[in-house]
Structure formats: C-alpha cells, structure tokens
Protein chains: 2
Amino acid sequence: MATLKDISVELGLSVATVSRALNGFPEVGARTRTRVQEAAARLGYRPNRSAQRLATGRSGVVGMIVKLRADMSADQTFFDVITSLTAELAARDLDLVLSVDQGDDPVAPYKRMLERDLLDGFVLNAPVPNDPRPGFLMSRDVPFVMHGQAHDAPDYAFFGIDNAAVSADAVELLTTLGHRRIALINGEARFAFAAEREAGFRAAMAAGAGAVPDSAVADGPPTENTGYTLALSWLSGRTGPRPTAILCATTPVAAGVLRAARDLGLSVPGDLSVMAHDDALPNIRPAHFNPALTVTHAPLREACAPLAQMLVDHLNGAPPARLQTVIRAGLIVRASTGPVPKGEDIPWQIP
Amino acid sequence: MATLKDISVELGLSVATVSRALNGFPEVGARTRTRVQEAAARLGYRPNRSAQRLATGRSGVVGMIVKLRADMSADQTFFDVITSLTAELAARDLDLVLSVDQGDDPVAPYKRMLERDLLDGFVLNAPVPNDPRPGFLMSRDVPFVMHGQAHDAPDYAFFGIDNAAVSADAVELLTTLGHRRIALINGEARFAFAAEREAGFRAAMAAGAGAVPDSAVADGPPTENTGYTLALSWLSGRTGPRPTAILCATTPVAAGVLRAARDLGLSVPGDLSVMAHDDALPNIRPAHFNPALTVTHAPLREACAPLAQMLVDHLNGAPPARLQTVIRAGLIVRASTGPVPKGEDIPWQIP
DNA sequence: CTGAAAGCGCTTACAG
DNA sequence: CTGAAAGCGCTTACAG
C-alpha cells in the first residue's frame with residue numbers, strides 16, 4: 001500500500017506538502033497539487049484511516065441505534081435508509097456502526113455505545129414526540145444529526161420533510177376536487193412524523209372541508225394489511241358515512257385500500273379517491289398501481305446525503321442550529337384521485 | 001482520556017510493560033500485572049483503537065453485506081443476528097460495518113468494500129448452494145467466516161447447524177409416533193440451508209416412512225401467511241391425501257399451519273401433528289403456542305459468539321479449515337405432536 | 001521480568 | 001508556497 005512517504009519520495013517533495021496537496025489546503029501551488037494527485041492515482045494511494053484518526057483524534061466511526069419493536073415488524077424503510085446512509089457516510093470517510101436495541105430506555109443504548117468511547121457522533125432515526133435523545137446527547141456534547149424532527153424549534157441538527165405540508169397538500173388537492181369526507185390512515189402514532197401529519201391534516205381539513213371526527217383518523221403499521229382492514233371497515237358503511245377519499249401514510253397501505261375497494265366493488269377514483277405519501281422505496285412503484293397512485297413524494301434515501309454532510313459539518317465545528325433543513329415533498333397527481341362523487345360533497349358530521 | 005503513558009507515570013513503569021501487562025503477555029510478573037490493571041481501572045483507561053490499529057496494521061473493522069430481496073420481506077432473523085453479532089464483535093474490539101446490496105452480482109459488493117481497503121475481514125450470511133463468495137474472497141486472501149455452509153466439504157471457516165439432522169430428528173420423532181404422510185414447508189429454496197433440510201427430509205422419510213411426492217414439499221417466505229396458505233390447501237384434501245403431520249421451517253410458519261387447522265376444525269395433535277424448527281427469535285414463544293409447539297431448537301443468536309471468535313482467530317492466523325463447527329439442534333417435544341390418527345398410518349403414494 | 005527505542009502513517013503548528 | 005519536526009498512542013523486536 002502506497003503511503004504519503006512513497007509519493008513524497010517519488011516527487012522529491014516533503015510528506016507535509018503531499019498531505020496538504022491531497023487534503024485541498026489552499027496554499028499549495030496548482031502545479032504541485034496536480035503532480036501530487038497524479039502520483040497518488042498512479043501509485044494507488046489510499047490514506048490509512050487509522051493513521052489519520054490517530055493524528056486527528058477522531059475515530060471516524062459514527063453510530064446509529066435501531067429500535068427493535070415488540071411486534072417484530074422489520075420496517076421496510078430501514079434497509080433503504082441504511083443502504084444510502086452507509087454509502088453517503090463512507091464517501092465522507094465515516095464508518096457507520098449499527099446497534100440494535102430492544103430495551104425500553106431510549107437513551108440507555110446511547111450511553112452504552114458512548115462508554116466504549118470510540119464514536120465521533122450519532123445519526124438519530126425514528127424521532128418520537130419529545131424525544132429524550134437530543135437532550136441527553138447535547139448534555140454530553142456528543143455530535144448528532146436527526147432524521148426528522150422531534151421538537152418544535154429544535155436547537156440541534158436535523159433533516160426532514162415538512163410533514164404538516166404533506167397532509168395539507170393532499171387535503172388541498174382533494175378538497176379542490178370537491179371532497180369533504182376525507183379519512184386518514186396515518187403512520188404509527190408513537191412517531192413524531194405521524195403526529196405532525198395528523199395535526200397538518202386536521203388543520204387543513206378544518207380550513208377547507210370541515211372538522212374531522214376521530215373515527216376518520218386511524219393508524220397502524222405501514223402495511224398492505226393495515227390499509228385493507230381499515231378501508232374495509234370504513235367503506236362497508238357500517239361505521240357511519242363512508243369517506244370519499246382516503247389518505248394513506250405509505251404506498252403499501254394504499255395498495256391495501258385499493259384492494260378493499262376492489263373487493264367491495266367500488267371504483268377508484270369514481271367512487272373513492274386514494275392518495276399516499278410515497279417514500280420511494282425500491283420495488284414499490286406507485287406509478288404502476290392500478291390505478292396509478294396520486295402521491296406526495298419524498299424519497300427517503302435522498303435524506304441520506306444531507307444527513308451525512310450535516311454530521312460531517314457538525315464534527316468539523318459547525319454550530320448545529322445552523323444545520324437544519326426541512327424540505328417540502330413533491331406532489332404527483334396520477335389516476336387514483338378524481339372529483340367527488342355526485343351528491344357526496346358533504347362534510348363529516350361531528351357526533 | 002487516560003493513556004498508557006499516564007499509567008506508566010503513575011506506577012513508575014515503562015509504557016512497554018504497561019502495554020504487556022494489559023494485553024496479557026505471559027512474561028509480566030503477577031504483582032506488576034495486578035498493579036497495572038488496578039491503575040488502569042482507577043484512571044478509566046481505554047485503549048485508543050486508532051493507535052492500536054496503526055501499530056498493528058489492522059483496521060479493526062469487519063464487514064457484512066446484507067442482500068436486499070426483491071420481495072422486500074425484511075427477514076425477522078436479520079435483526080436478531082445483527083444485534084448479537086455486533087455485540088460479540090465489539091467484545092473482541094471489532095467494529096461491524098453493514099452494507100446493504102440490491103444488485104444481482106453476489107460478489108460485486110464485496111469487491112466494492114475491498115476497494116475501500118479498510119476491512120480486516122467479512123462475515124458471510126445467507127449462503128446459497130455453490131455460493132461464489134468464498135471462492136472470491138479466498139482468491140484475494142481476505143479472511144471471512146460463514147454463518148452456515150455453502151459447500152459439502154468446505155475449506156473455509158464456518159459455523160452452522162446440521163440441517164439434515166434437523167429434518168431427520170423431526171421425521172424420526174413423527175415416524176415413531178406412527179406418522180407416514182409427513183409434509184414439509186421448507187425455507188426458501190434458494191438458500192443452502194433449505195436444500196440441506198429437504199435432502200435430510202427425503203432421506204429420513206425414505207428410511208422410515210416411504211418416499212415423498214413433490215407435492216408434499218413446498219416452500220415460501222418464513223411467514224405465518226406461508227404456513228396458513230399451504231396448510232389450507234393440503235388439509236382441505238383437494239390436492240390428494242392429507243398429511244397427518246406438517247414440518248415447518250420456522251415458528252411463524254407453524255403459527256399459520258395451526259390457524260389453518262383451526263379454521264378447518266382439525267384438532268392438533270389429534271388430527272394433525274405440527275413441528276417447526278425454532279430459531280429462538282425474541283418475542284416468539286413456541287412454548288406459548290396453542291398447543292405448545294414441538295420444535296427442533298437452535299437459537300440463531302448463539303451462533304454469533306462462535307462466529308466472532310472464529311473470525312478473530314482467523315485474523316490472528318489460525319488456518320480456516322480448522323475453524324469449522326457444526327452443531328446439532330436440540331429437540332423439544334411439547335404438545336403439538338401426537339400419535340398418528342387411527343388408520344391414517346399409510347405412506348404417501350408416489351404418482 | 002522490564003526498559004529504551006523505533007515505527008505504524010498520518011496532521012499540523014512553526015519557520016522560512 | 002514548502003519543509004523539518006513533533007506528536008497522536010499504541011506495539012514489539014531487541015537488549016539486558
């Protein structure tokens with residue numbers, strides 16, 4: 001394995017200059033930099049991470065703790081995020097060490113990893129309302145970045161989508177089409193994003209379609225089965241007036257709703273409009289649903305590069321309160337949404 | 001953070017001696033070792049991994065590549081193994097870096113990780129028949145250990161259970177109870193362990209109960225749904241004579257079989273005996289099934305300590321062909337198996 | 001049984 | 001713009 005020394009000998013430069021050239025220090029001459037870069041490529045130079053880490057005092061390792069849920073439903077989104085996050089961190093010379101935890105104490109696994117004393121920072125996933133992890137890590141001065149947002153005006157680094165707008169955009173599309181009885185199959189209530197979506201949903205509905213009864217909001221694991229079961233119960237009409245549109249937390253949930261409609265002989269979008277939020281998981285193509293699914297669209301994996309970069313910036317001393325990004329999901333109108341059925345543009349009745 | 005130097009100053013010893021004492025070198029005097037260990041504990045000494053790694057030339061990082069399947073069914077066993085493996089490797093000062101791959105080429109992701117040139121070795125999971133990964137890694141002299149076994153007389157390190165015996169033990173129990181028409185819901189055919197289980201099943205059946213028609217062997221994802229669907233079709237009797245016993249690849253599959261029996265009004269074990277192989281996943285308690293499930297039993301997570309140790313030994317120069325262990329699963333007889341129903345002890349007919 | 005010393009491959013003040 | 005040198009915290013022949 002070629003070292004800085006090899007390059008320096010090859011070019012008659014000092015190791016220091018070679019190091020500076022490769023690390024993009026501005027004071028290096030353009031010609032020198034080019035020569036160094038070429039020699040590095042020619043010799044197949046790769047920095048020795050352990051040496052870099054020893055010299056800089058960083059471990060180059062960041063951690064992420066995955067909560068295993070009691071119901072054992074391995075989250076499909078998990079793999080997608082891990083894939084991208086690992087790659088994005090690797091591109092920035094950081095290794096990601098995963099640790100799976102099954103305990104009840106949300107900060108205990110972080111304490112445990114910190115004790116081993118070899119982590120530069122954390123990526124926090126699956127925030128819950130009033131998540132205690134940011135407070136704990138900040139009290140110990142441990143850098144981290146959160147995927148999502150657990151508090152209203154956080155003083156920590158995070159990247160997420162505007163979940164209230166996800167609901168509002170969907171509601172606005174549907175109310176413009178005349179819908180008033182819109183139901184929501186939300187993500188699991190214990191997660192912060194779900195709380196934001198529900199709040200956004202209720203606010204947008206109140207503004208455009210009328211108040212929403214509790215019976216028109218439900219949640220469950222983000223599966224086809226959840227969608228099927230809830231839609232079947234709502235659409236059968238046994239539980240009161242039927243919704244004319246259903247908003248789904250994920251595309252698999254929407255697949256279940258579509259199946260329920262089919263089983264009940266309801267046409268989509270003739271009798272029922274269906275929308276979902278689309279995390280753009282691989283192997284799930286809402287464009288190929290039948291009918292093609294109207295969605296709000298925000299690929300989960302696109303969060304990974306910003307998250308990795310924020311963490312690097314944070315490690316390099318950037319103030320975390322500057323490392324905050326909220327992006328707005330896109331809206332893709334396809335064939336699963338249409339005008340409200342005639343005579344059905346009647347708001348929910350609050351009991 | 002305390003260093004070796006701190007300890008050496010504290011005790012008036014050399015850094016070298018402190019290092020030797022802490023690393024268990026035999027030549028250190030017993031009293032000296034004790035003093036050093038006490039001082040290390042008192043000062044909260046933790047070795048600096050980067051320094052160790054730089055000095056030893058090892059990265060201290062091993063990789064594991066997780067294949068993401070097209071059907072997106074995140075394997076429940078995955079989390080269990082990752083949890084334990086991470087912990088066991090950490091206890092041996094190794095970090096585990098996961099990489100998720102979705103491509104078709106089984107060795108490409110290993111090549112890619114190798115190019116980054118910072119891995120000491122790999123843990124290989126989910127072996128398939130004639131798995132190309134061992135050959136590739138051996139050709140590059142990359143240490144690895146396989147969870148399971150992909151070849152008949154491997155020349156590489158691996159740890160696994162005797163899958164043929166898993167089937168044979170189950171078949172023997174059932175034939176002793178008089179069963180002759182035993183059906184198998186196997187793990188997915190693309191995995192090596194499933195091929196071993198099927199071969200073991202057919203051999204044991206041929207020896208004790210008669211040959212098995214292809215229609216009595218099926219496979220699918222290791223889910224409740226797989227068990228329910230297959231059992232329903234077999235037990236309805238539409239596809240030929242009913243099995244009097246069903247062997248399941250996993251406990252969730254058995255849960256599905258039990259539900260199918262219930263739905264059809266069949267009693268277990270009166271009309272049907274049910275067995276499964278139990279990976280001992282958390283939150284699944286075959287002892288609490290109704291009836292309590294008879295199983296072959298081999299906790300997946302118990303493979304992790306041996307795997308971690310084997311990898312360490314391999315990294316320390318042990319010849320991989322010595323690092324091979326096959327353990328035998330246990331057999332736990334509970335209430336889901338019983339004597340064959342009267343007059344039903346008639347072998348399968350091969351069409 | 002213990003120590004002095006070299007070395008692992010980087011980074012980064014300090015000088016010029 | 002470049003270099004000489006110290007230092008990061010270990011490990012490990014080599015000597016005694």
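All chains are named by letter (A, B, ...) in the order of the sequence lines, taking the proteins before the strands, and each is independently numbered beginning at 1.
Closest contact between the side chain of A:A55 and the listed nucleotides C:dG9, D:dC10, C:dT2 involves C:dG9. With D:dT2, D:dG9, C:dC1 as the choices, the nucleotide that has an atom nearest any side-chain atom of B:E27 turns out to be C:dC1. With C:dC10, D:dG9, C:dG3 as the candidates, the nucleotide lying closest to the side chain of B:T3 is D:dG9.
Between A:S19 and the options A:L4, A:V36, A:I7, a side-chain contact (heavy atoms from CB on, under 4.5 Å) holds for only A:L4. Exactly one residue among B:V123, B:V61, B:L89 makes a side-chain contact (heavy atoms from CB on, under 4.5 Å) with B:L94. That residue is B:L89.
The backbone N or O of A:F25 lies less than 3.5 Å from no partner atom in the side chain of A:N23, so there is not a single donor-acceptor pair.
Between A:R49 atom CZ and D:dC10 atom C1' there is a gap of 20 Å when expressed in whole angstrom units. Between the CZ atom of A:R58 and the P atom of C:dT12 there is a distance of 9 Å, given to the nearest Å. Distance B:F25 CZ to D:dT12 P: 5 Å, rounded to the nearest Å. When rounded to the nearest whole Å, the span between CZ of B:R31 and C1' of C:dC1 equals 14 Å. In this structure, CG of A:L4 is placed 4 Å from P of C:dC10, rounded to the nearest angstrom. In this structure, B:L22 atom CG and D:dG9 atom C1' are separated by 13 Å, rounded to whole Å. Following rounding to the nearest Å, A:N23 (CG) and C:dC10 (P) show an atom-to-atom distance of 10 Å. Atom-to-atom, NZ of A:K5 to P of D:dA5 comes out at 13 Å; the value is rounded to the nearest Å.
The shortest side-chain heavy-atom distance between B:M64 and B:L85 falls under the 4.5 Å cut-off.
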Show your working on ring-ring contact (aromatic ring centres under 6.0 Å, His included) between A:Y110 and A:F122 and close with a plain yes or no.
-> CA-CA 9 Å; A:Y110 292 85; A:F122 284 99; 4.9 Å; yes
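Residue contacts for B:R20: at a heavy-atom cut-off of 4.0 Å it reaches a base atom on one of the strands shown. Among the protein residues, A:G57 comes within range of no part of the nucleic acid, since none of its heavy atoms lies under 4.0 Å from any strand. Residue contacts shown for A:R46 are limited to sugar-phosphate atoms, with no base heavy atom under 4.0 Å away. Nucleic acid contact for B:Q52: sugar-phosphate only, since backbone atoms but no base atoms lie under 4.0 Å from a heavy atom of the residue. A:S50 comes within contact range of no nucleotide atom at all, as no heavy-atom separation falls under 4.0 Å.
The base-pairing partner of C:dA4, taking Watson-Crick or G-U wobble contacts with both distances under 3.5 Å, does not exist among the strands shown. Nucleotide D:dA13: unpaired (no Watson-Crick or G-U wobble partner with both distances less than 3.5 Å).
Look at A:T17 and you'll find a side-chain N or O under 4.0 angstrom from OP1 or OP2 of D:dG3.
Between A:N48 and B:A16, the residue whose closest nucleotide on DNA chain C is further toward the 5' end is B:A16. Nearer the 5' end of DNA chain C, as judged by each residue's closest nucleotide, is the contact made by B:P26, out of B:T56 and B:P26.
The 12-atom threshold is not exceeded at CG of A:N130, counting heavy atoms of other residues, nucleotides or ligands nearer than 6.0 Å.
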